[in-house]
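Written below as structure tokens is the structure these notes are about.
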Amino acid sequence: MEAEGWPGRPSRFRPPLGDNLRSAMSEHRYEPREIESRWQRIWAAERTWEVANEATPDGRQERIAGAGGHRALEGEQGQSSYVLEMLPYPSGEPHIGHLKCYALGDAIAHFQRRTGHRVLHPMGYDAFGLPAENHAIKTGEHPRDSTAASIASFQRQFRSWGISIDWSREIATHEPSYYRWTQWIFLQLLGAGLAYRKQAAVKWCPNDQTVLANEQVIDGRCERCGEEVQVRQLTQWFLRITDYAERLLRDLDRIDWPEHVKTMQRNWIGRSEGAEVNFFCEELGVDYPVFTTRPDTLFGATFFVLAPEHPDVMRLAEGTDREQEVREYVNRALTAGGEDRGAADRPKTGVPLGRHVLNPVNGQRIPMFVADYVLMEYGTGAIMAVPAHDERDYAFAKAHSLPIKRVIEGVPEDGGDEHQLPYTGDGPLVNSHPDFDGMHNRQALQAIVDWLDREGKGHASVSYRLRDWLVSRQRYWGCPIPVVHCERCGVVPVPQQQLPVVLPDIEDYAPKGRSPLASAQQWVATTCPVCSGDARRETDTMDTFVDSSWYFLRYCDPHNEAAAFDPLALKEWMPVDQYIGGVEHAILHLMYARFFCKALADLGHLTFQEPFQALFTQGMITKDGAKMSKSRGNVVSPASIVERFGSDTARCYILFIGPPDQDADWSDEGVEGVHRFLGRLYRLAMEVAEPHAAPPRPAHVRADRTAHAPSGSEDRGDVGSEHQGADLQLMRKAHWAIEKVSADLRRFAFNTAIAAVMELLNDCYRLRDQVQLQTQRFALATGASLLFPFAPHLCSEVYQQLTSQRVWEQPWPRADPAMLEADSYQLVCQVNGKLRDRVQAPADATAERLIELCRQAPNVQAHIDRREIVKEIVVPGKLVNLVVR
RNA sequence: GCCCAGGUAGACAAAUUGGCAAAGUCAGCAGACUUAAAAUCUGCGGCCCGCUUGGGCAUGUGGGUUCGAGUCCCACCCUGGGCACCA
């Protein structure tokens with residue numbers, strides 16, 4: 001809707017005044033349910049939000065091509081835009097967080113469409129997972145059935161919200177047509193050596209009876225159920241995400257994500273620069289490498305520690321008088337290891353191994369220990385201990401009365417006092433070696449690494465905190481891992497043409513410490529694809545995060561039966577232009593999806609490295625300051641809000657409540673306020689939309705006007721008639737709103753965008769008996785057009801009534817620059833930085849003229865008095881500040 | 001402990017680049033309409049002094065930079081989040 005192209009620009013028509021307001025208004029009750037279901041039917045019947053792939057070569061676009069109403073307005077050259085909210089896990093009903101997420105994403109999608117983009121905005125379901133399986137254990141209902149019910153409920157509600165989804169691309173991760181390709185991707189990774197099996201100390205949840213990924217363990221507890229996790233030695237499937245640590249870290253610089261999310265990922269990857277140094281054990285004739293970030297403190301190493309899981313621990317202790325003691329310690333550490341081994345304030349336990357290693361820099365013989373504060377998974381599972389300069393080594397040395405040797409001089413005030421240890425700061429080296437003593441430790445660090453490298457005793461090295469991703473789960477309701485175990489051939493991938501490996505039906509879902517799939521004997525028994533001999537199927541299923549690590553690719557080509565996706569389809573849509581979801585996925589899902597992209601790109605399937613170019617993380621909706629939960633009984637269900645007020649109100653309110661990236665507290669009164677606003681818009685629009693039943697003027701408004709605005713204070717200046725002044729004023733306000741809402745949408749400031757439309761509507765009411773009908777219509781239609789991304793049903797209705805056109809088929813309105821500029825403005829007059837007066841100034845006044853106007857302002861004169869003006873600061877369009885002495 | 005975000009009326013918030021603090025919404029008060037209420041429409045709204053013109057004080061606290069600070073700098077307090085034996 002171009003301002004200039006406004007149909008039927010102002011006639012001189014003025015509505016006659018009448019006094020049957022009451023009856024006229026009562027015909028225009030705002031009935032969201034009626035309005036919303038009507039427009040939803042139209043969008044469904046016309047498949048308005050479907051969008052076809054342009055580049056898919058085999059004619060499939062006919063099937064998925066909808067009417068695509070918005071396509072009519074921007075032709076073939078419309079730039080593609082992929083707007084995506086995080087895949088919902090369907091359980092029961094959608095909650096308020098879903099409403100916020102989709103209200104947000106839909107506003108972006110609508111804005112994109114109306115600014116000339118072809119928008120892909122799909123929907124699907126993360127349908128495998130534990131809740132459905134736990135439900136099955138309790139009730140015996142097949143997870144497939146309960147999942148189907150939840151999906152149906154989600155669909156129903158999503159449709160009732162009127163979000164502009166291309167429903168033709170709907171997917172669900174539990175459908176064989178989807179997980180067939182999840183399995184295909186797994187085999188791709190397996191073929192590339194990125195999926196592998198190993199025995200490892202893994203986190204086990206005794207309640208859910210399954211292993212967990214490191215990322216799913218929070219403070220030693222299961223992320224899902226809160227049960228304390230145990231450590232078990234099991235053979236499990238892993239994905240080699242650590243191979244991508246460096247790229248996952250580096251590429252964060254190339255994507256437009258919130259800084260705090262990037263920071264979390266950086267911390268999780270945990271890159272450390274240092275050196276690997278070999279310590280030689282004479283007794284066994286073996287080199288033990290350690291990773292250290294502090295090679296500058298090598299001369300201060302007074303002992304050496306191995307992790308209890310270190311494979312050489314028992315071999316080292318064997319034959320020494322410590323053997324029994326070590327065996328007991330290791331056994332205790334390995335079995336009881338689950339209970340917060342991660343806590344830093346735990347006492348430092350450990351036992352000597354009765355063996356020694358040589359410090360490569362000075363040949364000193366130092367004792368070896370085994371202690372559980374050293375982790376097998378990080379570095380080499382062994383450390384050199386420098387108690388003088390490391391808090392943990394210091395605590396261990398104190399507990400076991402080991403020598404402490406200071407090798408870095410502290411800054412003057414700590415004077416080398418023993419009480420100042422451990423000292424982890426910087427300073428010159430001491431007690432080290434004549435070549436390094438006196439050198440600043442940061443330079444010494446490099447010098448020592450160079451020396452180690454030359455001597456072949458070590459080298460610079462980088463270590464990461466990130467661990468490989470444990471993806472196998474001993475659960476039923478997940479994607480089967482597509483391999484078989486053959487006695488002769490070992491682990492054999494299921495050939496691609498035999499995919500999907502379909503999840504079999506089973507009798508008993510109860511976990512027994514192994515996958516429930518193991519009880520499906522007929523399914524497990526199979527033949528080896530290589531040797532045709534007897535083989536058993538893998539009975540573990542995949543972590544559901546695997547399913548959701550690639551779903552955004554499938555949306556680009558959801559019905560492809562020959563491949564997971566067509567490269568041309570990906571080229572058209574990927575990467576996702578705007579991804580939207582909660583911060584709770586900052587590490588897990590977002591890291592895994594990035595990893596999948598990089599791995600698939602390396603395998604030649606993708607041409608991009610990052611799946612989500614821009615990310616927006618929404619804040620949580622709380623109630624009474626607390627997270628909504630059933631146990632607190634403070635849950636606000638979207639269905640009840642939609643029922644009472646309609647989805648337009650629900651959506652507007654949730655965006656109006658505050659900045660969308662911040663947490664916000666739900667307020668029932670606030671919802672009513674927004675509902676009132678929508679009702680006001682509707683009623684005024686209906687009133688002016690019917691020229692025949694001319695809207696009557698309420699008598700009191702007339703009275704009010706004569707009482708309050710006799711000369712029209714807005715008419716200050718030389719504008720001719722009063723009508724022109726008010727008309728101009730409202731037109732300006734409408735154009736101001738266009739400018740404001742457009743800018744706010746670009747920066748996701750939905751709350752202020754809605755407030756701007758509220759302001760416009762307030763002016764429509766305030767000026768309604770002073771402006772021409774056409775002006776009123778223009779202002780209201782503009783308001784509806786601007787509010788459409790937030791309240792699509794109401795705005796479609798209002799726009800249709802006012803203009804007989806479909807608002808979503810109109811391009812986004814553009815403000816007329818001439819309407820944004822007034823010919824005069826209020827000049828702020830300051831003296832010594834304090835506001836003293838305001839005067840009207842012409843827009844084109846020179847600096848000299850502005851100073852003059854300021855000086856003459858009555859209250860400014862009083863403050864200047866006879867004092868000397870030492871400085872004049874002029875900010876054209878804003879203020880003049882006179883500095884006096 | 002380390003890192004990040006935030007602290008503005010009675011509540012939620014706005015102020016995009018250092019330029020009129022508080023747009024908008026809620027709650028509140030007043031008026032119109034009504035037999036009345038609800039709904040609706042209109043208006044008022046930081047604190048202190050003053051009859052008003054006006055003046056002083058106000059963005060967690062204390063300093064600083066600047067003609068001018070919610071915004072920039074330093075120190076501190078509070079709230080929320082992330083990380084935390086990772087060598």
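In what follows, every chain begins at residue 1, and chains take the letters A, B, ... in the order their sequences are listed.
- Distance CG (A/Asp624) to C1' (B/C12): 14 Å, rounded to an integer number of Å.
- A/Lys623 places its NZ atom 18 Å from the P atom of B/A11, with the value rounded to the nearest Å.
- Remark: the backbone N or O of A/Tyr423 is paired with a side-chain donor or acceptor of A/His389 at under 3.5 angstrom.
- No side-chain donor-acceptor contact under 3.5 Å links A/Asn634 and A/Asp624.
- For A/Arg465 and A/Tyr378, the positive end is not near the middle of the six-membered ring at less than 6.0 Å and at most 45° from its axis.
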(request) Quick one: the dot-bracket string of RNA chain B, using Watson-Crick and G-U wobble pairs with both distances under 3.5 Å, [ ] for crossing pairs and | for bases paired to another strand. (result) (((((((..(((......[....))).(((((.......))))).((((....))))..(((((..]....))))))))))))....
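- Listed by chain and number, the residues in a side-chain hydrogen bond (donor to acceptor under 3.5 Å, both in side chains) with A/Lys733 are A/Glu759 (sequence neighbours excluded).
- B/A15 sits 14 Å from B/A22 when the P atoms are compared, rounded to a whole Å.
- A straight line from CD of A/Glu31 to C1' of B/A39 spans 14 Å, rounded to a whole angstrom.
- Between the P atoms of B/G7 and B/C57, the separation comes to 25 Å (whole Å).
- Residue-level contact check: A/Lys262 touches neither bases nor backbone, having no heavy atom under 4.0 Å from any strand.
- Using a 4.0 Å heavy-atom cutoff across all strands shown, A/Gln830 reaches at least one base atom of the nucleic acid.
- With hydrogens and angles left out, the side-chain atoms of A/Thr622 and A/Asp663 include no donor and acceptor closer than 3.5 Å.
- Separating the P atom of B/A30 from that of B/U79 is a span of 39 Å, rounded to the nearest Å.
- In the set B/A13, B/G68, B/G24, B/A13 carries the atom at the smallest distance from any side-chain atom of A/Gln662.
- Results of the ring pair (Phe, Tyr, Trp, His ring centres under 6.0 Å) test with A/Tyr653 over A/Phe750, A/Trp666, A/Phe645 single out A/Trp666 as the only residue that passes.
- Closest contact between the side chain of A/Lys871 and the listed nucleotides B/C85, B/C67, B/A23 involves B/C67.
- The separation between A/Leu655 atom CG and B/A14 atom C1' is 17 Å, rounded to whole Å.
- Around the CZ atom of A/Arg855, the shell of radius 6.0 Å holds no more than 12 heavy atoms that belong to other residues, nucleotides or ligands.
- In this structure, of B/U40, B/G19, B/G24, it is B/G24 that holds the atom nearest to the side chain of A/Met758.
- Base engagement by A/Leu879 is indicated by at least one non-hydrogen atom pair under 4.0 Å involving a base atom.
- Heavy-atom nearest nucleotides on RNA chain B were determined for A/Phe677 and for A/Glu259, and the one closer to the 5' end corresponds to A/Glu259.
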(request) In sequence, state the C-alpha distance, the side-chain angles, and the governing distance for A/Phe303 and A/Phe396, and then conclude on ring pair (Phe, Tyr, Trp, His ring centres under 6.0 Å). (result) CA-CA 10 Å; A/Phe303 57 101; A/Phe396 190 86; 5.4 Å; yes
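- OP1 or OP2 of B/C41 lies within a sub-4.0 Å distance of a side-chain N or O belonging to A/Arg683.
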Tabulated below should be each protein N or O lying under 3.5 Å from an N or O of nucleotides 79-82 of chain B; please produce it.
none

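- For residues 870-883 of chain A, there are no side-chain hydrogen bond (donor to acceptor under 3.5 Å, both in side chains) pairs, not counting sequence neighbours.
- Looking at A/Asp390 and A/Arg294, no side-chain N of the basic residue comes within less than 4.0 Å of a carboxylate O on the acidic one, giving no salt bridge.
- For A/Arg680, a side-chain nitrogen or oxygen approaches OP1 or OP2 of B/C41 to under 4.0 Å.
- No contact: A/Pro858 has no heavy atom under 4.0 Å from any strand.
- In this structure, of B/U25, B/G19, B/A87, it is B/U25 that holds the atom nearest to the side chain of A/Phe656.
- Comparing B/C41, B/C20, B/A13 by their closest approach to the side chain of A/Pro659 singles out B/A13.
- Using a 4.0 Å heavy-atom cutoff across all strands shown, A/Ser272 reaches sugar-phosphate atoms only and no base atom.
- In this model, the phosphate group of B/U42 is not approached by any side-chain N or O of A/Asn762 to a distance below 4.0 Å at OP1 or OP2.
- With 3.5 Å as the limit, one finds no donor-acceptor pair spanning the side chains of A/Asp837 and A/Asn859.
- If you take atom C1' in B/A13 and the same atom in B/G62, they sit 27 Å apart, rounded to whole Å.
- A/Glu669 places its CD atom 11 Å from the P atom of B/C26, with the value rounded to the nearest Å.
- When heavy atoms are screened at a 4.0 angstrom cut-off, A/Asp393 is found touching no nucleic acid atom at all.
- Between B/A84 and B/C4, the two C1' atoms lie 15 Å apart (nearest whole Å).
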Grab the N/O contacts between the protein and nucleotides 52-56 of chain B below 3.5 Å, and write none if there aren't any.
{"residue": "B/G55", "atom": "OP1", "partner": "A/Arg836", "partner atom": "NH1", "Å": "3.2"}
{"residue": "B/G55", "atom": "OP1", "partner": "A/Asn859", "partner atom": "ND2", "Å": "3.2"}
{"residue": "B/G55", "atom": "OP1", "partner": "A/His863", "partner atom": "NE2", "Å": "3.1"}
{"residue": "B/G56", "atom": "OP1", "partner": "A/Arg836", "partner atom": "NH2", "Å": "3.4"}
{"residue": "B/G56", "atom": "OP2", "partner": "A/Arg836", "partner atom": "NH1", "Å": "3.1"}

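- In this structure, A/Trp666 places its CH2 atom 18 Å from P of B/U25, rounding to the nearest Å.
- In this structure, of B/C85, B/G43, B/C41, it is B/G43 that holds the atom nearest to the side chain of A/Arg766.
- Atom C1' of nucleotide B/C85 and atom OH of A/Tyr378 are separated by 12 Å, given to the nearest angstrom.
- Rounded to whole Å, the separation between the C1' atoms of B/C26 and B/C74 comes to 39 Å.
- Note on A/Gly673: only backbone sugar-phosphate atoms sit closer than 4.0 angstrom, heavy atoms only; bases stay farther off.
- With 3.5 Å as the limit, one finds no donor-acceptor pair spanning the side chains of A/Tyr373 and A/Thr349.
- Between A/Arg465 and B/C83 there is no side-chain polar atom (N or O) within less than 4.0 angstrom of OP1 or OP2.
- Nucleotides B/U59 and B/C44 have their P atoms positioned 26 Å apart, rounded to a whole Å.
- The residues A/Arg651 and A/Asp648 are annotated as not salt-bridged, no charged nitrogen and carboxylate oxygen being separated by less than 4.0 angstrom.
- Mapping A/Val883 and A/Thr292 onto RNA chain B via the closest heavy atom, the residue that lands nearer the 5' end is A/Val883.
- Counting to the nearest Å, the P atom of B/G19 and the CD1 atom of A/Ile851 are 20 Å from each other.
- Distances shorter than 4.0 Å separate some side-chain N or O of A/Asn751 from OP1 or OP2 on B/A14.
- Pairs of residues two or more places apart, or lying in two chains, that qualify as salt bridge (charged side-chain N to carboxylate O under 4.0 Å, His left out) and include a residue from residues 263-273 of chain A are A/Glu246-A/Arg271, A/Asp253-A/Arg266, A/Glu259-A/Arg266, A/Arg271-A/Glu273.
- Annotation: the span from A/Glu377 atom CD to A/Arg467 atom CZ amounts to 5.0 Å, rounded to 0.5 Å.
- Nucleotides B/U17 and B/U65 are separated by 25 Å at their P atoms, to the nearest Å.
- When heavy atoms are screened at a 4.0 angstrom cut-off, A/Ser667 is found touching no nucleic acid atom at all.
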